[in-house]
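The residues of the chain are indexed from 1 along the displayed sequence.
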Amino acid sequence: MKSQSKPISKAERKKLDRFHEQRKAKLRKKYPEVHDKKLDYVTHSFEDNDGGGWLYVNLYFTDGTNFSMDFSINNPAIVPRCIEYGDMSTGNYENIRTYYYRGEKP
């Protein structure tokens, strides 16, 4: 069975490659502190509460810093609550930057 799609021309391939490079460059600027770092390990955990829960994801880097993301899980959505970058090299967490924080509603 032959493929129904036509081959991509060199001009179209160049245009697509340029688009992807621009997109990656934009994404690299979003969290500049973690760009070009060497990842050591990743942890995740989940806490289940009545009717909802929390998902925690942590990226630990070899220089002792970490990037943490906390999500509130309510049906049907997963909502980001906190995105932070901090230093763990001394053994105590020290916040360097908070990218996003959404407090609980009273």
Rounded to the nearest 0.5 Å, what separation is found between the [atom1] atom of [X] and the [atom2] atom of [Y]?
X   : Y   : atom1 : atom2 : result
K15 : R18 : NZ    : CZ    : 8.5 Å
N58 : N66 : CG    : CG    : 5.5 Å
E33 : Y85 : CD    : OH    : 6.5 Å
L27 : H35 : CG    : NE2   : 11.0 Å
L39 : F61 : CG    : CZ    : 6.0 Å
D70 : W54 : CG    : CH2   : 6.5 Å

(request) Salt-bridge test for R97 and E84: reply yes if a basic N is under 4.0 Å from a carboxylate O, no otherwise. (result)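 Between E84 and R97 there is no salt bridge, as every charged N stays at least 4.0 Å from the carboxylate O atoms.
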
(request) Going by the side-chain contact (heavy atoms from CB on, under 4.5 Å) test, name the single residue among F71, Y99, Y101 that passes it with P80. (result)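 Exactly one pass, corresponding to F71.
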
Among residues at least two apart in sequence or on other chains, which ones pass side-chain hydrogen bond (donor to acceptor under 3.5 Å, both in side chains) with [X]?
X   : answer
T98 : N95
K24 : E21
Y31 : none

(request) Give a yes-or-no answer on whether the side chains of Y56 and S68 include a donor-acceptor pair shorter than 3.5 Å. (result)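 No, because no side-chain N or O of Y56 sits under 3.5 Å from a partner of the opposite role on S68.
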
(message) Under a 3.5 Å threshold, yes or no: a donor from one side chain and an acceptor from the other, between S89 and D87?
(response)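 A pair is found: one side chain offers a donor N or O, the other an acceptor, under 3.5 Å apart.
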
(message) With salt bridge (charged side-chain N to carboxylate O under 4.0 Å, His left out) as the rule and sequence neighbours excluded, what pairs involving residues 35-47 come up?
(response)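 Every pair satisfying salt bridge (charged side-chain N to carboxylate O under 4.0 Å, His left out) with a residue in residues 35-47: K37-D63.
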
Going only through I, L, V, M, F, W and Y residues with side-chain contacts under 4.5 Å, is there a path from [X] to [Y]?
X    : Y   : value
Y100 : I78 : yes
Y93  : V57 : no
L59  : I96 : yes

(message) I'd like to check T65 versus M88 (side-chain heavy atoms, cut-off strictly below 4.5 Å). Are they in contact?
(response)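 They are not in contact (no side-chain heavy atoms under 4.5 Å apart), so the answer is no.
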
(request) Taking the side chain as every heavy atom from C-beta outward, state whether F46 and D48 have any pair of such atoms under 4.5 Å apart. (result)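 In contact.
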
(request) Report the hydrophobic cluster partners of L16, with the cluster defined as I, L, V, M, F, W, Y residues connected by side-chain heavy atoms closer than 4.5 angstrom, directly or transitively. (result)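 I8, listed by chain and number.
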
(message) My understanding is that only residues two or more places apart in sequence, or in another chain, count here; which of them pass ring-ring contact (aromatic ring centres under 6.0 Å, His included) with Y60?
(response)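 Y60: ring-ring contact (aromatic ring centres under 6.0 Å, His included) contacts with Y41.
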
